[in-house]
Amino acid sequence: VWIFGYGSLVWRPGFEFTSRKVGFIRGYSRRFWQGDTFHRGSEKMPGRVVTLLEDCGACTWGVAYEVRGEQIAASLEYLNMREAVLGGYDTKLVKFHPQEKDTEEPILALVYIATPQNPSYLGPASEEDIAAQIIVSSGCAGHNIEYLLRLADFMRYFCPQAEDKHLFSIEEALVSILPCLYYTEESLEET
């Protein structure tokens with residue numbers, strides 16, 4: 001079984017796997033439209049994490065993990081809790097295209113997608129509003145800023161040829177806001 005990750009799974013799968021491949025799926029765009037009240041946020045201040053939006057001309061880069069034998073049941077049980085129960089994501093099968101051309105055919109992979117029907121779905125917002133929400137959110141897995149920056153770093157280092165305007169626009173908005181926060185905190189400490 002192959003499992004495709006396009007958010008925190010790219011750097012923190014949390015389950016045992018046999019192999020991993022960087023690559024992409026077609027027909028979807030990555031969006032910070034899913035709320036998170038556990039891993040990267042709280043009930044009072046939900047974080048923002050990514051989901052996929054159907055978009056026929058787009059492709060989303062990430063990592064596919066191959067799980068075999070005893071790894072299958074354990075990984076699916078873990079991911080069901082992490083993504084479906086705690087995250088509100090549904091599963092879907094997609095065609096994964098590895099970055100290396102070592103295989104002719106795409107690989108069928110399981111992916112977790114949060115739909116507008118789940119209670120944590122936040123939907124679209126401006127890059128500035130998303131960045132502002134990410135800055136103030138933190139959960140059991142860490143600060144929401146870490147989630148955004150690790151995802152941007154993954155794209156830069158592993159998929160430099162790929163475009164993800166949404167992701168990098170939010171990162172840019174976050175960086176433009178942070179100096180103001182730093183200055184404000186520094187000013188408060190002086191008074």
Side-chain angles (χ1 to χ4, degrees), residues 1-34 36 39-40 48-84 86-115 127 130 134 141-142 144-172 174-175:
V1 175
W2 286 84
I3 299 161
F4 178 68
Y6 56 92
S8 60
L9 288 179
V10 302
W11 73 85
R12 190 178 65 96
F15 56 88
E16 286 187 35
F17 55 90
T18 302
S19 65
R20 62 177 260 156
K21 294 176 185 278
V22 173
F24 62 90
I25 61 171
R26 288 194 171 106
Y28 293 93
S29 293
R30 178 181 10 238
R31 294 288 180 264
F32 274 85
W33 291 2
Q34 175 68 0
D36 186 327
H39 295 292
R40 299 292 174 168
R48 276 206 180 241
V49 293
V50 292
T51 186
L52 295 177
L53 178 69
E54 286 191 33
D55 183 350
C56 54
C59 72
T60 298
W61 284 79
V63 176
Y65 297 93
E66 180 185 23
V67 292
R68 294 176 174 238
E70 294 175 6
Q71 295 173 338
I72 296 171
S75 63
L76 293 179
E77 185 178 326
Y78 168 77
L79 287 169
N80 181 57
M81 179 56 71
R82 175 175 165 175
E83 303 296 332
L86 295 174
Y89 288 74
D90 293 330
T91 55
K92 221 173 189 181
L93 282 175
V94 292
K95 288 182 180 177
F96 171 76
H97 303 268
Q99 188 173 38
E100 303 99 30
K101 303 296 181 209
D102 62 350
T103 178
E104 295 295 315
E105 295 294 313
I107 299 165
L108 208 54
L110 186 67
V111 68
Y112 291 83
I113 299 174
T115 64
E127 281 82 4
I130 292 172
I134 286 171
N144 207 180
I145 293 172
E146 177 195 24
Y147 179 98
L148 170 66
L149 297 179
R150 280 184 171 244
L151 188 53
D153 283 348
F154 165 79
M155 288 298 292
R156 253 186 221 99
Y157 298 119
F158 291 97
C159 323
Q161 74 285 8
E163 281 190 37
D164 193 327
K165 290 179 184 170
H166 178 74
L167 170 65
F168 292 121
S169 296
I170 294 168
E171 181 190 37
E172 194 175 297
L174 180 126
V175 169

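All values below were derived from every heavy atom in this structure, side-chain atoms included, with hydrogens, water molecules and symmetry-related copies excluded. The structure presented is a predicted model; accordingly, all values stated were derived computationally and were not measured.
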Would a 4.5 Å heavy-atom cut-off, applied to side chains only, mark [X] and [Y] as touching?
{"X": "W2", "Y": "S19", "answer": "yes"}
{"X": "L110", "Y": "L76", "answer": "yes"}
{"X": "Y112", "Y": "D90", "answer": "no"}
{"X": "R30", "Y": "M155", "answer": "yes"}
{"X": "V22", "Y": "C159", "answer": "yes"}
{"X": "E127", "Y": "E172", "answer": "no"}
{"X": "K21", "Y": "I107", "answer": "yes"}
{"X": "Y28", "Y": "D55", "answer": "no"}

- Task: Please lay out, stage by stage, how Y147 and V50 fare under the test side chain to side chain contact (heavy atoms under 4.5 Å, CB included).
- Result: CA-CA 10 Å; Y147 179 98; V50 292; 3.0 Å; yes
Check the side chains of [Y] and [X] for a donor-acceptor pair under 3.5 angstrom, ignoring hydrogens and angles.
{"X": "S8", "Y": "R82", "answer": "yes"}
{"X": "S75", "Y": "E16", "answer": "no"}
{"X": "T18", "Y": "E66", "answer": "no"}

- Please state whether the rings of W33 and H166 are parallel, tilted or perpendicular, taking 30° and 60° as the class boundaries.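 Perpendicular, since the angle between the ring planes exceeds 60°.
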- Step by step, work out the side chain to side chain contact (heavy atoms under 4.5 Å, CB included) result for V63 and F154. CA-CA 10 Å; V63 176; F154 165 79; 3.6 Å; yes
- Aromatic contact, F4 with W61 (centres under 6.0 Å):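 That pair fails the under 6.0 Å test.
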- Item | Ring centre gap for Y65 and F17 strictly below 6.0 Å |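 Yes, the ring of Y65 comes within the 6.0 Å limit of the ring of F17, centre to centre.
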Separation between [atom1] of [X] and [atom2] of [Y], rounded to the nearest 0.5 Å:
{"X": "Y6", "Y": "L52", "atom1": "OH", "atom2": "CG", "answer": "4.0 Å"}
{"X": "T115", "Y": "L53", "atom1": "OG1", "atom2": "CG", "answer": "11.5 Å"}
{"X": "Q99", "Y": "H97", "atom1": "CD", "atom2": "NE2", "answer": "13.5 Å"}
{"X": "I113", "Y": "E54", "atom1": "CD1", "atom2": "CD", "answer": "7.0 Å"}

Minimum heavy-atom distance between [X] and [Y], given as atom pair plus value:
{"X": "A152", "Y": "L167", "value": "CA-CD2, 3.8 Å"}
{"X": "I25", "Y": "K95", "value": "CG2-O, 3.5 Å"}
{"X": "E171", "Y": "L148", "value": "CA-CD2, 3.9 Å"}
{"X": "P13", "Y": "Y78", "value": "O-CE2, 3.3 Å"}

- Task: Walk me through it: do L79 and L9 pass the test side chain to side chain contact (heavy atoms under 4.5 Å, CB included)?
- Result: CA-CA 10 Å; L79 287 169; L9 288 179; 3.8 Å; yes
- Item | Partner of F32 under side-chain contact (heavy atoms from CB on, under 4.5 Å), chosen from L151, T51, V49 |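 By the side-chain contact (heavy atoms from CB on, under 4.5 Å) criterion, F32 pairs with just one of L151, T51, V49: L151.
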- Task: Using a cut-off of 6.0 Å, state whether more than 12 heavy atoms not belonging to R156 lie near its atom CZ.
- Result: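 Result for CZ/R156: enclosed.
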- E146: salt bridge (charged side-chain N to carboxylate O under 4.0 Å, His left out) partners, not counting sequence neighbours: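 Checked E146 against salt bridge (charged side-chain N to carboxylate O under 4.0 Å, His left out); matches are R40, R150.
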- Query: Ignoring hydrogens and geometry, is there a side-chain-to-backbone donor-acceptor pair from E83 to N80 under 3.5 Å?
  - Reply: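 Such a contact is absent between E83 side chain and N80 backbone.
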- I would like to know whether L174 and I130 meet side chain to side chain contact (heavy atoms under 4.5 Å, CB included); could you show each step before the answer? CA-CA 9 Å; L174 180 126; I130 292 172; over 6 Å; no
- Message: Under 4.0 Å between a side-chain nitrogen and a carboxylate oxygen: does that hold for D36 and R48?
- Response: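 R48 and D36: not salt-bridged.
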